[in-house]
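Below is one structure; the comments refer to it alone.
Position 1 is the first residue of the sequence; numbering continues from there. We count ligands from 1, going down the list as the structure has it; atoms in each ligand are counted the same way.
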Amino acid sequence: MPVYIVLLGAPGAGKGTQAAAICEHLDLPHISSGNIFRENINNRTDLGKTAKSFLDSGDLAPDNITIAMIRERLSREDCSRGAVLDGFPRTPTQALALDEILSEFQGKVDVVPFIEVEENLLIARLTGRWTCRAKGHIFHEINNPPQEPGICDFDGSELFQREDDEAETVAKRIRVYLEQTKPLIDFFDDKGLLKVIEGSQPIRQVTAELLSILPKVS
Ligand code: ADP
Ligand code: AMP
């Protein structure tokens with residue numbers, strides 16, 4: 001049976017950072033809806049053209065296009081043992097759609113680690129984030145700096161600051177999270193799937209806590 005892990009948390013909670021660590025450990029693909037949108041925007045696909053204004057403004061992209069995008073991604077061969085989802089679902093409609101999609105692959109959501117971080121840490125995390133142009137590797141100018149400023153440790157590509165990590169858009173994204181995504185905490189808790197992870201700790205400690213609660217993957 002495939003294993004599906006859904007990482008939940010505010011923007012800046014550390015979902016992308018921790019997804020990379022978990023995926024390496026469990027040898028599962030990292031499915032980041034934000035990364036897929038950004039790839040489509042860079043490649044000027046129709047999906048990218050539709051999504052761009054939403055990402056730029058810090059709003060959520062419409063459910064229908066987001067759900068179709070994730071359905072397509074999860075149907076690929078590399079997800080046959082499961083996947084780590086980062087940034088999807090973000091609305092109750094998406095959460096219900098995910099159940100349907102996974103049932104098509106004889107799977108279900110297995111566990112939902114909720115990376116809980118004090119709200120006052122989020123803005124500094126996002127405005128100090130540097131992202132790798134080639135593969136989306138994530139750094140922070142203070143908390144997790146690259147060895148050489150502006151250069152990705154893993155693939156040598158350029159690091160850039162996302163436009164939506166500028167302070168005003170960050171504030172908007174946090175508001176959108178509180179209004180539209182936070183209700184998913186209760187949604188998954190009611191199903192007995194939620195595991196609260198103390199995300200204000202240093203990165204390595206968060207990773208250790210996460211690895212201790214994850215299921216085995218065959
Ligand atoms: P998300 O994917 O949830 O938006 P990221 O993983 O991109 O969050 O992390 C946001 C920023 O915070 C990045 O710059 C990252 O390096 C930094 N970061 C992530 N986890 C921690 C942590 N536990 N402590 C300090 N900084 C962190
Ligand atoms: P992220 O990389 O997760 O911070 O997402 C960046 C942006 O992509 C968000 O602010 C949204 O505009 C869009 N996005 C990512 N995931 C979703 C989703 N599940 N539903 C709607 N919009 C999304």
What I'd like to find out is whether the side chain of His140 reaches to under 4.5 Å of the side chain of Thr17, using heavy atoms alone. no
Here the atoms of ligand 1 under 4.0 Å from any heavy atom belonging to Pro202 are 23 (N)
Can you report which non-hydrogen protein atom sits closest to atom 18 (N) of ligand 1, along with the distance? Arg125 CD, 4.0 Å
Give a yes or no on whether a salt bridge exists between Arg125 and Asp165, defined as a side-chain N under 4.0 angstrom from a carboxylate O. no
Side chains of Asp164 and Thr169: is there a donor and an acceptor less than 3.5 Å apart? no
Checking contacts here: is it the side chain or the backbone of Asn143 that comes within 4.0 Å of ligand 1, counting heavy atoms only? Could be both or neither. side chain
For Gln201, which part has a heavy atom under 4.0 Å from ligand 1: side chain, backbone, both, or neither? backbone
Partners meeting ring pair (Phe, Tyr, Trp, His ring centres under 6.0 Å) with His137 (sequence neighbours left out): Phe154
Looking only at distances, can you tell me whether any N or O atom of Ile138, backbone or side chain, sits closer than 3.5 Å to an N or O atom of ligand 1? no
Closer than 4.0 Å to some heavy atom of Gly199 - which atoms of ligand 1 meet that? 23 (N)
Scanning both residues in full, the closest heavy-atom pair of Arg90 with Gly87 reads NH1-O, 3.0 Å
Using a 6.0 Å cut-off, check whether atom NZ of Lys172 has over 12 heavy atoms from anything other than its own residue. yes
Please indicate whether any nitrogen or oxygen in Asp86 is less than 3.5 Å from any nitrogen or oxygen in ligand 1. no
Does any pair with a residue in residues 92-104 pass salt bridge (Lys or Arg N to Asp or Glu O under 4.0 Å), and if so which ones, sequence neighbours excluded? Arg71-Glu104, Asp99-Lys191
Where on Ala19 is there a heavy atom closer than 4.0 Å to ligand 1, on the side chain, on the backbone, on both, or on neither? neither
For Ala10, is the nearest heavy atom under 4.0 Å from an atom of ligand 1? yes
closest protein heavy atom to atom 7 (O) of ligand 1 is Arg129 NH1, 2.5 Å
Tell me which one of Arg204, Glu198, His140 gets a heavy atom nearest to atom 16 (O) of ligand 1. His140
Short N or O distance, Gly14 and ligand 1, threshold 3.5 Å exclusive: yes
Kindly give the heavy-atom pair with the smallest separation between Val84 and Ala19, and that separation in Å. CG1-CB, 4.1 Å
What residue and atom, counting heavy atoms only, is the protein's closest point to atom 6 (O) of ligand 1, and at what distance? Thr17 OG1, 2.6 Å
Looking only at distances, please establish whether an N/O atom of ligand 1 is found under 3.5 Å from an N/O atom of Gly16. yes
Check side chain to side chain donor-acceptor pair (under 3.5 Å) between Ser75 and all other residues, then give those that pass, not counting sequence neighbours. none
Before signing off on this row, confirm whether Phe139 and ligand 1 have an N or O atom pair separated by under 3.5 Å. yes
Are Lys135 and Asp155 close enough for a salt bridge, meaning some N to O gap below 4.0 Å? no
Quick check: do Glu141 and Gln161 have side-chain heavy atoms less than 4.5 Å from each other? yes
Can Gly12 be said to touch ligand 1, with heavy atoms closer than 4.0 Å? yes
Part of Ser200 with heavy atoms under 4.0 Å of ligand 1, whether side chain, backbone, both or neither: neither
Write 'none' if nothing qualifies; otherwise put on separate lines each N/O atom of ligand 2 with a protein N/O atom under 3.5 Å away and their distance to 0.1 Å.
from, atom 1, to, atom 2, distance (Å)
ligand 2, 2 (O), Arg38, NH1, 2.9
ligand 2, 2 (O), Arg38, NH2, 3.0
ligand 2, 2 (O), Arg162, NH1, 3.4
ligand 2, 2 (O), Arg162, NH2, 3.4
ligand 2, 3 (O), Arg90, NH1, 3.1
ligand 2, 3 (O), Arg90, NH2, 3.1
ligand 2, 4 (O), Arg162, NH2, 3.0
ligand 2, 4 (O), Arg173, NH2, 3.3
ligand 2, 5 (O), Arg90, NH2, 3.4
ligand 2, 12 (O), Asp59, O, 2.6
ligand 2, 16 (N), Ser33, OG, 2.8
ligand 2, 16 (N), Gly87, O, 3.4
ligand 2, 16 (N), Arg90, NH1, 3.0
ligand 2, 19 (N), Gly87, O, 2.8
ligand 2, 19 (N), Gln94, OE1, 2.9
ligand 2, 20 (N), Gln94, NE2, 2.9
ligand 2, 22 (N), Ala61, N, 3.0

Using distance alone, decide if ligand 1 has a nitrogen or oxygen within less than 3.5 Å of any nitrogen or oxygen in Gln18. no
Decide yes or no on side chain to side chain contact (heavy atoms under 4.5 Å, CB included) for Gln18 and Ile203, but give the supporting numbers first. CA-CA 8 Å; Gln18 297 302 334; Ile203 294 175; 3.7 Å; yes
Do Trp130 and ligand 1 have an N or O pair less than 3.5 Å apart? no
Please check if any side-chain donor atom of Gln94 sits under 3.5 Å from a side-chain acceptor atom of Asp63, or the reverse. yes
Near Lys15 (heavy-atom distance under 4.0 Å), the atoms of ligand 1 are 1 (P), 2 (O), 3 (O), 4 (O), 6 (O), 8 (O)
Is it true that, when you exclude Glu24 itself, more than 12 heavy atoms of the residues, nucleotides or ligands shown sit nearer than 6.0 Å to its CD? no
Answer with yes or no whether the side chains of Asp59 and Ser57 bring together a donor and an acceptor at under 3.5 Å. yes
